[in-house]
Every structure is written in structure tokens, then in C-alpha cells.
Amino acid sequence: MAFEPLDSKPNDFVVALGDSYSSGEGASEPDGSNYYLESDHHGTKTVDGEDSRFRNACHRSAEAWSLKASLPGNSQSIGEDFNSRASDLDYHLLACSGAEAMNLLPFSTATETKPTDYAGNEGRGQFGEVSQLDRGFVDENTTLVTLSIGGNDARFGEVLKACMTARWTNRDCGAMELEYDGGVFIKQATMNRVAVDVPASVQTVLKQIRAKAPTAVVLLMGYPQIFETGADCVQIHDEEMAWLNGISDQLNDALRDSALAQSTVDAPVVFGDPTAAFSGHNLCTENSAINGLQFELTPGDKPMITIPVPGPNFGLGVSMQSVHPNKFGTDLYARVMESTLTGVYP
């Protein structure tokens with residue numbers, strides 16, 4: 001079959017990088033049926049995700065917010081144009097669940113000294129993929145890069161799991177230590193990472209994006225507050241809500257400052273804050289835009305934690321889709337993307 005050459009290159013070259021909040025983790029059917037197949041499979045030898053050579057749990061979803069958003073001046077969403085193979089769009093979703101800054105940083109394509117995150121980690125990929133900036137899609141043609149990054153560098157997911165465990169074992173979450181915190185209690189260690197590690201690592205990522213895509217607009221998206229009316233639906237003590245929400249606010253402040261530090265008039269880096277959009281729809285609300293505990297594992301899934309206490313869900317593995325934006329949540333994110341890019345892109 002012969003294809004006619006394009007009269008000109010596309011107007012919009014869009015690349016979506018980042019972590020689970022960009023990949024669309026959680027914005028799926030419970031069985032993961034609308035994750036792109038290559039990003040949610042267990043491999044050829046096992047059915048439980050234990051074959052690390054073939055497993056992929058990037059969980060890139062057709063419901064990711066970058067696909068649902070419309071670019072300024074466009075009547076159709078990026079996803080609609082992508083699915084119809086519109087000639088004026090080139091789009092790539094590279095985000096991967098669990099990504100930290102080092103998983104975006106280039107290694108093989110680094111032009112000078114290999115960049116590292118705050119902890120000194122060089123760029124590396126996940127699940128057999130090369131790092132996101134080594135994939136080759138962010139280049140001088142790129143017009144827009146979207147990403148969310150920093151939550152895993154702050155170990156926010158690990159903090160949530162620790163606080164769940166604390167309730168099940170009648171312990172104080174704030175008095176717990178994570179294995180990589182060097183004896184520092186969880187709350188102080190988390191605040192240290194948000195204040196120092198995260199901005200340094202995120203700014204390195206932004207610099208590397210800019211080096212590869214000198215004229216692209218970069219949209220750095222933040223994270224919503226998790227809790228609003230209660231935390232019982234995920235088995236966390238209500239008294240931990242204020243502190244966990246405060247960490248979300250501090251993380252967003254660090255990301256906003258990082259975007260501002262790397263932005264210029266000719267090459268803007270803008271910050272999208274989803275906090276207001278999620279108000280009234282946070283976790284454990286009646287019309288929540290964030291998943292509660294999910295127990296159906298997808299093909300590439302591994303339990304984020306196993307409930308160890310007596311009850312109807314005793315011994316069940318909690319899916320990684322838990323405590324992530326659902327389809328409604330990625331709708332809200334898409335609206336934040338559209339409003340943030342108005343007057344900035346193109």
C-alpha cells in the first residue's frame with residue numbers, strides 16, 4: 001500500500017512525559033482493558049506479573065488527560081485527532097507509572113556529561129524501555145511537552161502506604177520510618193525531599209527537555225490534594241489528612257517555582273495546578289475523581305500493598321490503580337491543561 005507524502009510537517013508535535021498521573025494510571029476499566037497493551041502485560045512465562053524480563057506496568061491509558069485535552073483553537077481533542085490520524089498532529093504518550101526524574105533523564109543521547117537527579121542517579125528506563133528522553137520523540141520539532149513528575153521522587157505513594165499500614169497496626173504514621181530514609185521519621189524525611197530533592201531533580205529534567213526541544217512550550221502539571229471530607233475509604237486515620245494535604249500543597253509550590261525558574265519569554269515553562277478543579281471531588285467524596293482502594297489487578301499490575309487485617313478484604317492485593325485519578329479525574333486534568341495553555345500555546 002502506497003502512502004502519499006505530506007505537503008508539510010504537522011503543526012503540532014506533542015509529547016506526553018512523566019509518571020502515573022500523566023500515563024493515565026487508574027483511568028481505566030478495573031481490568032485495565034483500555035490501557036495500551038504494550039504498557040500492561042505480564043510477559044510470556046507467568047500470569048502474575050513476576051517475570052521481570054517481560055513485565056510492563058507503565059499503564060498508558062487511552063483516557064490519559066493529554067489525550068482528552070484540546071489544543072487552543074482546536075475543536076477536537078488531541079485524542080480524537082490522534083485516533084483519526086490527523087495530518088496536522090504528531091503525538092506520543094511516553095509517560096510511565098512509577099516514573100521518577102531519573103526515568104525521564106537522557107543517558108545514551110546525553111550530549112555532554114550525563115545528567116543526574118538530586119541523588120546522583122543517571123537516566124534509566126523502566127520495564128525494558130529506555131528513558132523517556134532517550135526515546136527520540138522530544139526534539140527540535142516538538143511544539144509542546146506535557147508532564148507530571150516529582151510525586152515519586154517525594155516518595156508520596158510510599159508515604160500513603162505507610163499511613164495505611166499504620167492504621168492497620170495501630171501505629172502513628174508520623175513515627176514510622178521508611179527503609180530508605182536513613183532513620184529519619186517519615187514526615188520530616190518527606191518534607192526534606194519536597195524542599196530539596198524534588199526541585200533540584202525536576203529542574204534538571206526541565207533543562208534536559210529544553211536542550212532537546214529549544215522552542216517547545218512545556219506544561220508541568222501538579223497534583224491534586226488527595227483528601228477532603230475523610231480518609232476512611234483508604235484506611236488512613238482522618239488526623240493524617242491535614243498533613244498529607246499540606247505535603248501536596250508544598251509539592252505543588254516546589255513544582256511551580258521550578259517551572260518559573262526554567263521559563264523564558266521565548267520558551268515558556270508553565271505550571272498547571274489541578275487543586276481547584278478537584279475541589280469537591282477529592283478522595284472519599286461522593287463524586288470522587290480519585291479512585292479509592294481497587295482490588296482487581298490488571299495483567300501487568302502488582303499489589304501496591306496487601307491488606308493484612310481481618311475483614312472482607314483480608315489478604316487481598318491493592319491495585320496500583322488505587323489513589324489515582326479515574327476517568328472523571330483525567331477529564332478535570334484535561335480542562336486544567338486547556339486553561340493553562342490558553343494564551344501560551346502556540
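The figures that follow rest on heavy atoms only: side chains count, while hydrogens, waters and symmetry mates do not. Model, not experiment: these values are computed from the prediction. Starting from 1, each residue takes its place in the sequence as its number.
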May I ask whether F271 and V218 are part of the same hydrophobic cluster, defined by side-chain heavy atoms of I, L, V, M, F, W, Y residues being less than 4.5 angstrom apart, directly or through others?
yes
Could you check if a side-chain atom of S131 sits within less than 4.5 angstrom of a side-chain atom of L105, using non-hydrogen atoms only?
no
Would you say the side-chain atoms of D81 pair up with the backbone N or O of A86, donor to acceptor, closer than 3.5 Å?
no
Return the CE to SG distance between M241 and C163, rounded to the nearest 0.5 Å.
12.5 Å
Side-chain contact, heavy-atom cut-off 4.5 Å: V14 with L144?
yes
Got S23 and S61 here, is their nearest side-chain heavy-atom distance under 4.5 Å?
no
Does atom CG of D266 have more than 12 heavy-atom neighbours, drawn from other residues, nucleotides or ligands, at distances under 6.0 Å?
no
Applying the side-chain contact (heavy atoms from CB on, under 4.5 Å) test to T146, which of L219, I78, L220, L341 qualifies?
L219
Does Y36 belong to the same Ile/Leu/Val/Met/Phe/Trp/Tyr cluster as M320, with side-chain heavy atoms less than 4.5 Å apart forming each link?
yes
Have H281 and S288 got a donor and an acceptor in their side chains that come within less than 3.5 Å?
no
Which residues satisfy the ring pair (Phe, Tyr, Trp, His ring centres under 6.0 Å) test with F227, sequence neighbours excluded?
none
What's in the same ILVMFWY side-chain cluster as V196, cut-off under 4.5 Å, chained through other members?
Y118
Under 6.0 Å between the ring centres of F156 and Y223?
no
Between T298 and H59, does the side chain to side chain donor-acceptor pair (under 3.5 Å) criterion hold? Intermediate values first, please.
CA-CA 9 Å; T298 72; H59 287 174; 3.1 Å; yes
Should the pair E338-K68 be classified as a salt bridge under the 4.0 Å nitrogen-to-oxygen rule?
no
Hydrophobic cluster membership, with links at side-chain heavy-atom distances under 4.5 Å among I/L/V/M/F/W/Y: are V344 and M337 in one?
yes
Can you get from F328 to L67 by hopping between Ile, Leu, Val, Met, Phe, Trp and Tyr side chains that sit under 4.5 Å apart?
yes
Partners of F107 by ring pair (Phe, Tyr, Trp, His ring centres under 6.0 Å), sequence neighbours excluded?
none
Side chain to side chain contact (heavy atoms under 4.5 Å, CB included) between M304 and Q294: does it pass, once the steps are laid out?
CA-CA 10 Å; M304 63 180 287; Q294 306 289 303; over 6 Å; no
Interatomic distance, K114 atom NZ to N121 atom CG [nearest 0.5 angstrom]
14.5 Å
Enumerate the disulfide (SG to SG under 2.5 Å) contacts for residues 196-254, please, sequence neighbours excluded, ordered by first and then second residue.
C233-C284
Taken in chain and number order and not counting sequence neighbours, the residues that satisfy side-chain hydrogen bond (donor to acceptor under 3.5 Å, both in side chains) with Y35 are E25, Q321
In this structure, would Y345 and V15 fall into the same cluster of hydrophobic residues linked by side-chain contacts under 4.5 Å?
yes
Angle class for the Y333/F278 ring planes (parallel below 30°, perpendicular above 60°, tilted otherwise)?
perpendicular
Can you tell if the side chain of M191 reaches within under 4.5 Å of the side chain of Q250, non-hydrogen atoms only?
yes
Ignoring hydrogens and geometry, is there a side-chain-to-backbone donor-acceptor pair from D19 to Y21 under 3.5 Å?
yes
Which residues share a ring pair (Phe, Tyr, Trp, His ring centres under 6.0 Å) with F137, sequence neighbours left out
H92
Check whether any side-chain heavy atom of F82 sits under 4.5 Å from a side-chain heavy atom of D90, and report yes or no.
no
May I ask you to test the S66-Y91 pair for a side-chain heavy-atom distance under 4.5 Å?
yes
For S319, the option from N291, I305, L293, L297 that meets side-chain contact (heavy atoms from CB on, under 4.5 Å):
L297
Note, I290 side chain near P224 side chain (heavy atom, < 4.5 Å):
yes
Value rounded to 0.5 Å, distance of OG1 in T142 from CG in D12:
11.5 Å
Report the C-alpha distance between K212 and T109 in whole Å, list the side-chain angles of each, state the deciding distance to 0.1 Å, and finish with yes or no for side chain to side chain contact (heavy atoms under 4.5 Å, CB included).
CA-CA 10 Å; K212 288 181 175 292; T109 62; 2.9 Å; yes
A side-chain contact here means heavy atoms from C-beta on lying under 4.5 Å apart; do I247 and T190 qualify?
yes
Under the salt bridge (Lys or Arg N to Asp or Glu O under 4.0 Å) criterion, do R124 and E129 qualify, and how do the steps go?
CA-CA 9 Å; R124 67 184 72 171; E129 300 179 355; over 6 Å; no
Return yes if some donor-acceptor pair links the side-chain N/O of N103 with the main-chain N/O of E100 below 3.5 Å, else return no.
yes
